[in-house]
Amino acid sequence: MTLISVQNLTKHFEYYEKEQGLKSSFRNLLHRKKMVKAAVEQVSFEIKKGEMVAFLGPNGAGKTTTLKMLSGILHPSEGSASIMGFTPWERKNEFKKAMSIVMGQKSQLWWDLPAIDSFYLLKNIYDLSDENYNNTLNELVELLDVKHVLNIQVRRLSLGERMKLELIAALLHSPKVLFLDEPTIGLDFISQKNIREFLKKYNRDTQTTIILTSHYMKDIEDLCDRSIIINKGKLIYDGKISEIQSAFQRKKRMKISLSELLAREQFETLGSIKEYNGYDVVLEVENERFKEIAHLVLEQYPVQDLTIEDIPLEEGISLMYQKGEQDQ
Amino acid sequence: MSLAQTLKRYIRLYALFIKNSVIAQMEYRTNFITGLLVETAYLFAKCLYVIVVYQTDLHIGSIGPDQILMFIGTYTFLTGIYWGLFGINFIKLPEHIRNGTLELLMTKPISLQFLVTLRHVDMGLALPNIIGGITMIVISWNKVNLDVNFYTVGGFIFFIIIGVIITYFLFLIPQILSFWFVKTSAIDDVSNSLWDFNNMPMTLYPKWAHFIGMYLIPIFIITNFGPLFLYDELKVSDVFWAAGVPFILISSMRLMWNKGLRNYSSASS
């Protein structure tokens with residue numbers, strides 16, 4: 001069942017430039033040359049109930065702007081969107097009660113209060129019954145293991161603890177659609193892992209539809225099967241994450257450690273040299289030839305260690321961005 | 001949800017806003033107590049002003065010191081209401097727009113205007129002025145020998161309520177401009193100066209200022225009309241005008257608010 005349907009969504013922002021110096025500031029006081037930036041351009045996609053989709057793109061690609069339009073914060077310049085039958089930017093209360101957004105760099109908790117006071121306020125804002133509120137809160141507190149920090153002023157908590165509490169605040173009303181804009185930004189490895197595990201379980205148990213943006217590929221690889229990639233506001237890929245690699249990776253990466261110094265020329269015929277310092281070499285070789293080349297290297301070169309791996313997802317996505325830019 | 005249920009829900013939410021604000025302020029004990037002391041000191045400064053009025057036996061037209069005290073009391077009371085309940089939220093609106101903190105509030109299933117403009121309450125600002133203002137009003141009421149009956153008390157409270165409504169909408173409108181201009185501190189300065197025009201009977205000012213303060217920027221209705229009603233100095237047309245102004249301001253403010261929200265272009269993430 002399609003829960004989110006987006007058609008030709010477009011957002012243009014007006015801005016102006018100012019050259020360096022005071023003179024140009026005076027000029028700008030009198031006249032500002034308006035410029036228009038297409039932050040999102042004709043983006044269309046559909047998402048089914050219960051799906052968890054990664055929304056990827058470099059900085060300034062239009063990911064957050066799209067999420068803000070889908071959560072009703074921004075009006076689009078053109079296009080339409082239907083989420084659970086609602087048009088987000090009409091900002092109907094029924095829609096707001098059925099969705100939630102978490103922004104990694106913004107907080108909805110009262111900074112000077114313990115989180116439990118903010119939660120109680122949210123209970124009243126969402127008009128939740130005592131039973132619903134208590135059950136959901138207890139369940140989320142247990143899952144995220146934050147019972148011990150509920151009564152501590154939010155500003156005194158670590159970033160990881162705060163993000164867990166932000167997630168609880170966003171999920172108290174059991175939304176059907178959840179937008180996560182870089183929920184793990186700035187978190188340490190363990191906190192990232194905890195949040196990933198929580199989101200995975202939450203999505204599996206509740207069938208909440210989730211759109212996630214993140215610059216951490218581990219988040220994407222662990223949580224989402226499907227990704228939508230945009231660059232410079234335009235959609236450049238919508239499909240399985242596993243296919244991003246297969247689309248771009250007809251190559252494998254071979255890391256060779258040598259016990260003796262060898263000249264760069266000795267590797268040039270094997271594949272493309274990505275790194276070289278005489279003792280350590282990183283080669284990219286065609287998929288069809290990697291066995292043959294590995295065999296040859298092991299036989300003929302003074303090898304101490306050799307590893308063969310797929311090209312990381314980040315690089316597959318970077319190639320996708322570059323391809324998108326060339327196409328545009 | 002019926003109107004009564006909605007009203008009940010919003011009253012409950014407002015009570016929670018007050019509770020949360022008080023809890024948050026009390027977390028910083030020194031700042032909370034200092035704030036109370038500073039505002040009380042300001043109140044004493046206003047009392048010195050009252051002493052000067054009495055010592056110089058100041059008369060503004062037919063209005064003597066005892067009557068002037070009613071104007072100063074009403075002004076002080078409404079200053080407490082304005083800054084303690086509304087003002088501290090209003091000055092944060094441009095900040096919310098500039099920093100993007102408005103965005104999460106926009107996704108909540110209650111009135112955004114209610115959430116943004118009433119979420120914080122500053123008891124340190126409100127209490128000294130409200131208590132001081134009421135005290136001055138009561139003293140003046142006794143000194144002038146005004147009757148205490150349904151007509152006088154009810155009428156005065158009616159004009160106070162009108163004053164509170166006008167204060168809320170009149171001083172919110174300039175802040176809404178921040179949806180377009182982002183920074184509005186210059187307009188803030190003008191608003192604050194306008195507010196201070198209110199601490200004396202409007203008959204002190206020239207006629208053109210009356211006209212502006214009554215009809216263009218209806219600032220004088222806020223604190224002048226209550227006392228003027230008690231002294232039987234209001235014309236019937238003034239009463240109708242005072243009752244109509246809130247509707248004009250509410251409509252203008254809502255129009256601007258909705259346009260502003262549509263125009264909202266978000267801060268960089």
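In what follows, every heavy atom counts, from backbone to side chain, and hydrogens, waters and symmetry copies are set aside. First the proteins, then the strands, lettered A, B, ... as listed; each starts at 1. Quantities reported herein were computed from a predicted structural model and do not represent experimental measurements.
If you take NZ on Lys108(B) and NE2 on His173(A), they are separated by 6.5 Å, rounding to the nearest 0.5 Å. A distance of 12.5 Å separates CG in Asn99(B) from CD in Gln105(A), rounded to the nearest 0.5 Å. A distance of 11.0 Å separates CD1 of Ile23(B) from CD of Gln153(A), quoted to the nearest 0.5 Å.
Heavy atoms from other residues, nucleotides or ligands lying under 6.0 Å from NZ of Lys176(A) number 12 at most. Heavy atoms from other residues, nucleotides or ligands lying under 6.0 Å from CZ of Phe44(B) number 12 at most. In this structure, Phe32(B) places its CZ atom where more than 12 heavy-atom neighbours from other residues, nucleotides or ligands lie under 6.0 Å away.
Both the backbone and the side chain of Arg262(B) come within less than 4.5 Å of a heavy atom in chain A. For Ser100(A), no part lies under 4.5 angstrom from a heavy atom of chain B. With a 4.5 angstrom heavy-atom cutoff, Ser111(B) does not touch chain A via any of its atoms.
Closest approach of Ile73(A) to Met106(B), counting heavy atoms only: O-CE, 3.5 Å. Of all non-hydrogen atoms in Phe17(B) and Trp110(A), the two that sit nearest each other are O-CH2, 4.1 Å. Residues Met99(A) and Thr107(B) share a closest heavy-atom pair of CE-CB, 3.7 Å.
Between chain A and the residues Leu115(B), Thr101(B), Leu102(B), Leu104(B), the largest count of heavy-atom pairs under 4.5 Å involves Leu104(B). The candidate from Gln108(A), Met103(A), Lys97(A), Lys96(A) with the greatest count of non-hydrogen atom pairs under 4.5 Å with chain B is Lys96(A).
Take Phe197(B) and apply the ring-ring contact (aromatic ring centres under 6.0 Å, His included) test, not counting sequence neighbours, and it matches Tyr205(B). With sequence neighbours left out, the ring-ring contact (aromatic ring centres under 6.0 Å, His included) criterion links Phe169(B) to no other residue.
Scanning residues 111-132 of chain A against chain B with a 4.5 Å heavy-atom cutoff picks out Asp112(A), Leu113(A), Asp117(A), Tyr120(A), Leu121(A), Leu122(A), Asn124(A), Ile125(A), Tyr126(A), Asp127(A), ordered by number.
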Check: residues 251-261 of chain B side-chain donor-acceptor pairs under 3.5 Å, at least two apart:
residue   : atom : partner   : partner atom : Å
Ser251(B) : OG   : Phe247(B) : O            : 2.6
Ser252(B) : OG   : Ile248(B) : O            : 2.7
Arg254(B) : NH1  : Gln113(B) : OE1          : 2.4
Asn258(B) : ND2  : Arg254(B) : O            : 3.3

